[in-house]
Amino acid sequence: MIEPIWLLAAAATLSGVANANPAQFEHRADKLEAHLQQRGDAGAPEAVSPPHYPSPWMNPNADGWEAAYIQAKQFVSQMTLMEKVNLTTGVGWEGEQCVGQVGAVPRLGLTSMCMQDSPVGVRDTDFNSVFTSGQTAAATFDRALLYARGLAMGQEHRGKGVTVQLGPVAGPLGRAPEGGRNWEGFAPDPVLTGISIAETIRGIQDAGVIACAKHFIGNEQEHFRQVGEAQGYGYNITQTLSSNIDDKTMHEMYLWPFADAIRAGVGSVMCSYNQINNSYACQNSKMLNNLLKGELGFQGFVMTDWQAHQSGVSSALAGLDMSMPGDTVFNSGLSYWGPNLTLAVVNGTLPEWRLDDMAMRIMAAFFKVGNTVGSQVPINFDSWTLDTYGPVHFAAGVGHQQINHHVDVRADHGTLIREIAAKGTVLLKNTNNALPLNKPKFLVVVGDDAGSNPDGPNGCSDRGCDNGTLAMAWGSGSANFPYMVTPDAALQAKAISDGTVYQSILANNRPDTTEALVSQDGVTAIVFVNADSGEGYINVAGNEGDRLNLTIWHEGDQLIKNVSSLCNNTIVVIHSTGPVIVDEWYDSPNVTAILWAGIPGQESGNSIVDVLYGAVNPAARTPFTWGSSRESYGTDVLYEPNSQTPQLDFTEGVFIDYRHFDKTNQTPRYEFGYGLSYTTFSYANLNVQKVPVAPYTPNEGYTEPAPTISTTNASTNLADYLFPNSTLSHVWQYIYPYLNTSSSGKEASGDLHYGEPADKYLPPNATDGSAQPYLPASDKISPGGNAALYDILYTITADVTNTGPVTGDEVPQLYVSLGGPDDPPVVLRGFDRIHDLAPGQTGVFSAVLTRRDLSNWDTVKQDWVISNYTKTVYVGSSSRKLSLKQTLA
Ligand SMILES: *[C@@H]1O[C@H](CO)[C@@H](O)[C@H](O)[C@H]1NC(C)=O
Ligand SMILES: *[C@@H]1O[C@H](CO)[C@@H](O)[C@H](O)[C@H]1NC(C)=O
Ligand SMILES: *[C@@H]1O[C@H](CO)[C@@H](O)[C@H](O)[C@H]1NC(C)=O
Ligand SMILES: *[C@@H]1O[C@H](CO)[C@@H](O)[C@H](O)[C@H]1NC(C)=O
Ligand SMILES: *[C@@H]1O[C@H](CO)[C@@H](O)[C@H](O)[C@H]1NC(C)=O
Ligand SMILES: *[C@@H]1O[C@H](CO)[C@@H](O)[C@H](O)[C@H]1NC(C)=O
Ligand SMILES: *[C@@H]1O[C@H](CO)[C@@H](O)[C@H](O)[C@H]1NC(C)=O
Ligand SMILES: *[C@@H]1O[C@H](CO)[C@@H](O)[C@H](O)[C@H]1NC(C)=O
Ligand SMILES: *[C@@H]1O[C@H](CO)[C@@H](O)[C@H](O)[C@H]1NC(C)=O
């Protein structure tokens, strides 16, 4: 699918794209020409990202930000140039205790802000909890649990002295099921991800911690996300992968959940490693200035992913607000910002309003979540060692003191984690009433996925191995377990208390003893298997982050087939980071039950016991489609570079996951939204009410001009910016705002291109601080886009009745067909988890349809438009079990 915007942009932007310094810009032009030739032969134009300047400044009237704006203005107006630079630039890799920290502002009593992984708990410390993964939490389809999870994670970060929790994740969305980090996010559906990310953000921020919606945007695979990493694996690339996404797909899929994040008031957004349409995410003015800050009205700050920063002035003008971890590459002691940002303002290249806006956004986010200057929880842990004493500046090895206070922040979160993992476990098959178990006579558990890692639950750094049961996948999205309840331990404890005979073989490769055991009379066998993935910097069994295949690991298919050929009551439990191919055994009559337990976290065993024995009646729904081959998805990871700047064309448009299966009329093994219960439900009485509402009005008019926040004019004398030798001792490799020399800007910067006339490389309007026209899809007040997009146009209700024998939860889902020839047959638009319906009891499902829910993105109007095609509303229990439907008038 080629959008007009690409064609138009290819010619127009060669002179308009602000990429880095002139050298990078020229390089880019060469590269573009080469690609145009190369792809010209193939008939496809190069994807190009059109420029958008100037960078939008904060809006004092933005909903939910008004008070924070006033507090930030009061604070920032007192700041000097170098204090503001300090706020925007990290102190360098391992320069302080958190995975990222910016400079402090001692004069005004502000201690250094701490950015810390991860989306499942506080990373790189102890006495923290390990929560259920985002993907598994999404499977609960339960807003309250998603919120509670966010709140508990936020409380733990707060207790450790963290300012920004680096999560939650909506990028990857999950374009390809093989994507290594899909488990960190929620689901390959923008609505399920949007609701999940918004609830998580509210929870985290209600705990007084700034959330960080990441990775913005198109970060859909691990391969080629970083040049050095890819070269380390032997790939010959010179620039990172470009995710080539057309405007319509961007809005209707990948940007959608970020709009929800912004509407939920998220304080920060992390730009990703990859390029989007051949412009790096952290200096992509189309993505940051136009979409994020312009159209969506994002008021918080944009920080780079670690080492995703690629340029100085141009990234600042393209909308970046914070460089992480601050150095150009880890431990170089050099920075695109820091001294360079000081110089860029002093030499007049970067307008001070842009620096003020960066500081305003950072401070406003800080105040918005309830912080006050001087009362931050001190950072009481160290990411680089668990030793109690050590160097506070780890890279430099200086500042010996107590760095780990081992603060126990777990409270009673284990109970919540157990509940979320149980309520996120999807029952995919259940025949002959195999489940729930009721004091089975003889229970046999088989598989390495039921037992512990011989090296302990934290034995592999960043969980970078697949030994023992899979309760956490690998990468920076992990955290250290305080304990981990294995399925074997929990099932054995339950069996003993029930008087059940219990035996387990915690390996996949013991065919003789396994076959002898499961062949015994009256055995109920539970086979545990898994499939793992993670972040690209760790290679596990040849999987460089992304999964190499969609099959179960460690010959798990063979194990299941062996056991089920001998035992007529074989139950399969899958721990995985996404779908696996189950074709070889799923329909065997001896496989009586199949459960997907996702990535459960520290309470793994207790959670699965709760489901297997019916203490929790399953209601979770699979948050992705289970196909019968990798090809059936129509999308995949690009594993071999197709260019020195690998090009990943999202030619499938909006047709990923269930949208693709529905469009191509393929029957998946288990469809998106599917999941069984120990009871049954019927649906009736669909009622669709139209809500009177004013017509849509595109936003128009102009913003205020960029405000003057500074109360003093910055000196132009370089000597005023020198390192303060008398009051500060220089830490090796640390990034400061100060200059090393005042002899010349060029020497202080050390950049060969320093001083080249700005008009040679700055795009038009980049430094223009005058009032700017509003974008039609934006809003004067409300973050998240034009407020009228969220007007409710219809309310929907339906009756859901428990027709089975036991109490249970049910997850009714609302889908719509937008009706156009290019629209998916159905798209999810709402859901609810109705709790504890007793046998015979009827509950009412209610949901709404907003204007956005019924619109398509119009690439010409650059706005959302409701098409004239007939729209149909569906309610049912999965994306394919839609028993109720009604056409909209
Ligand atoms: C910048 O931050 C560092 C600590 O990270 C601090 O030592 C220094 O005083 C700060 N500089 C200014 C100008 O506030
Ligand atoms: C990488 O590819 C380029 C262009 O194809 C080639 O000139 C260069 O020699 C290659 N480098 C390596 C290390 O293979
Ligand atoms: C300033 O940025 C340039 C790259 O644009 C870099 O080469 C140089 O080392 C930086 N200077 C300092 C002092 O960090
Ligand atoms: C101003 O400083 C920036 C940052 O070091 C540098 O990139 C730019 O070339 C300088 N411009 C002038 C005109 O001195
Ligand atoms: C643990 O995992 C590593 C890396 O995947 C592997 O090399 C090692 O053999 C495993 N150890 C055990 C005891 O399974
Ligand atoms: C799929 O990958 C896993 C992990 O690398 C491996 O154990 C398994 O053998 C692979 N499956 C196939 C069919 O190649
Ligand atoms: C099912 O299990 C029984 C043993 O209980 C075995 O005889 C039979 O062959 C198995 N059937 C299949 C299809 O594997
Ligand atoms: C398995 O086989 C046994 C004996 O052949 C039979 O009593 C039992 O009902 C079967 N179980 C299932 C779940 O089919
Ligand atoms: C700090 O010390 C260095 C070298 O010792 C010197 O070159 C520099 O001028 C001093 N800076 C100030 C502000 O005194």
Side-chain angles (χ1 to χ4, degrees), residues 18-25 27 75-76 78-92 95-98 100-114 283 309-317 323 325-329 331-352 354-355 359 373 379 392-393 395-396 398-399 714 716 718 720-731 733-742 744-762 766-767:
N19 261 352
N21 55 42
Q24 243 176 303
F25 175 60
H27 170 73
F75 187 82
V76 175
Q78 302 172 54
M79 295 176 84
T80 65
L81 172 56
M82 287 193 293
E83 286 169 342
K84 286 180 279 193
V85 169
N86 237 11
L87 263 192
T88 66
T89 306
V91 299
E96 294 274 356
Q97 290 164 269
C98 300
Q101 275 180 244
V102 290
V105 187
R107 189 179 62 90
L108 299 175
L110 183 72
T111 54
S112 166
M113 294 192 192
C114 162
Q283 59 195 39
H309 202 180
Q310 309 275 345
S311 69
V313 171
S314 9
S315 61
L317 293 171
S323 173
D327 32 20
T328 49
V329 295
N331 304 113
S332 63
L334 302 170
S335 180
Y336 293 109
W337 285 5
N340 271 319
L341 202 57
T342 303
L343 281 168
V345 176
V346 171
N347 75 22
T349 305
L350 185 74
E352 193 158 5
R354 182 69 268 271
L355 178 65
V373 172
I379 297 162
V392 70
H393 307 299
V398 299
T716 53
L718 293 186
D720 292 338
Y721 299 96
L722 282 172
F723 193 92
N725 292 351
S726 55
T727 53
L728 210 56
S729 65
H730 190 281
V731 177
Q733 285 187 346
Y734 205 84
I735 306 297
Y736 295 96
Y738 312 111
L739 310 184
N740 284 332
T741 171
S742 59
S744 76
K746 184 161 188 159
E747 245 178 80
S749 163
D751 185 348
L752 289 176
H753 297 278
Y754 186 93
E756 287 185 17
D759 58 8
K760 259 186 78 177
Y761 60 93
L762 288 190
T767 59

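Index from 1, following the sequence. Start at 1 and go down the list; that is how both ligands and their atoms are numbered.
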Is there side-chain contact between L108 and V373, with heavy atoms separated by less than 4.5 Å? no
Tell me whether P106 reaches ligand 1 (any heavy atom closer than 4.0 angstrom to a ligand atom). yes
In the structure I gave you, are the side-chain heavy atoms of T88 and P737 within less than 4.5 Å of one another anywhere? no
Have a look at ligand 1 and work out which part of L728, if any, has a heavy atom under 4.0 Å from it: side chain, backbone, both or neither. side chain
Indicate yes or no: does an N/O atom of S335 lie under 3.5 Å from an N/O atom of ligand 3? yes
Is there a side-chain contact between R354 and V345, using heavy atoms and a 4.5 Å cut-off? no
Hey, does Y738 sit under 4.0 Å from ligand 1 if you only count heavy atoms? yes
Evaluate the side-chain proximity of L110 to E83: yes if any heavy-atom separation is below 4.5 Å, no if none is. no
Quick one: are V91 and S112 in side-chain contact, heavy atoms under 4.5 Å? no
Below 4.5 Å, heavy atoms only, C-beta onward: do H393 and Q733 meet side chain to side chain? no
Those atoms of ligand 1 less than 4.0 Å from some heavy atom in Y734: 4 (C), 5 (O)
Report yes if some heavy atom in the side chain of V85 is under 4.5 Å from a heavy atom in the side chain of W337; otherwise report no. no
Mind checking whether Y736 and H730 have parallel, tilted or perpendicular rings, split at 30° and 60°? tilted
Residues lining ligand 4 [heavy-atom distance under 4.0 Å, listed by chain and residue number]: N340, L343, A344, N347, T349, S749, Y754, G755, Y761
Quick one: which ligand 1 atoms are inside 4.0 Å of a heavy atom on N86? 1 (C), 2 (O), 3 (C), 8 (C), 10 (C), 11 (N), 12 (C), 14 (O)
Non-hydrogen side-chain atoms of V392 and E96 separated by less than 4.5 Å: yes
Can you sort out which atoms of ligand 1 are near E83, meaning under 4.0 Å from one of its heavy atoms? 13 (C), 14 (O)
Hey, is ligand 1 close enough to V102 that some N/O pair sits below 3.5 Å? no
Checking contacts here: is it the side chain or the backbone of Y736 that comes within 4.0 Å of ligand 1, counting heavy atoms only? Could be both or neither. neither
Backbone N or O of G312 within a donor-acceptor pair of the S315 side chain at under 3.5 Å? yes
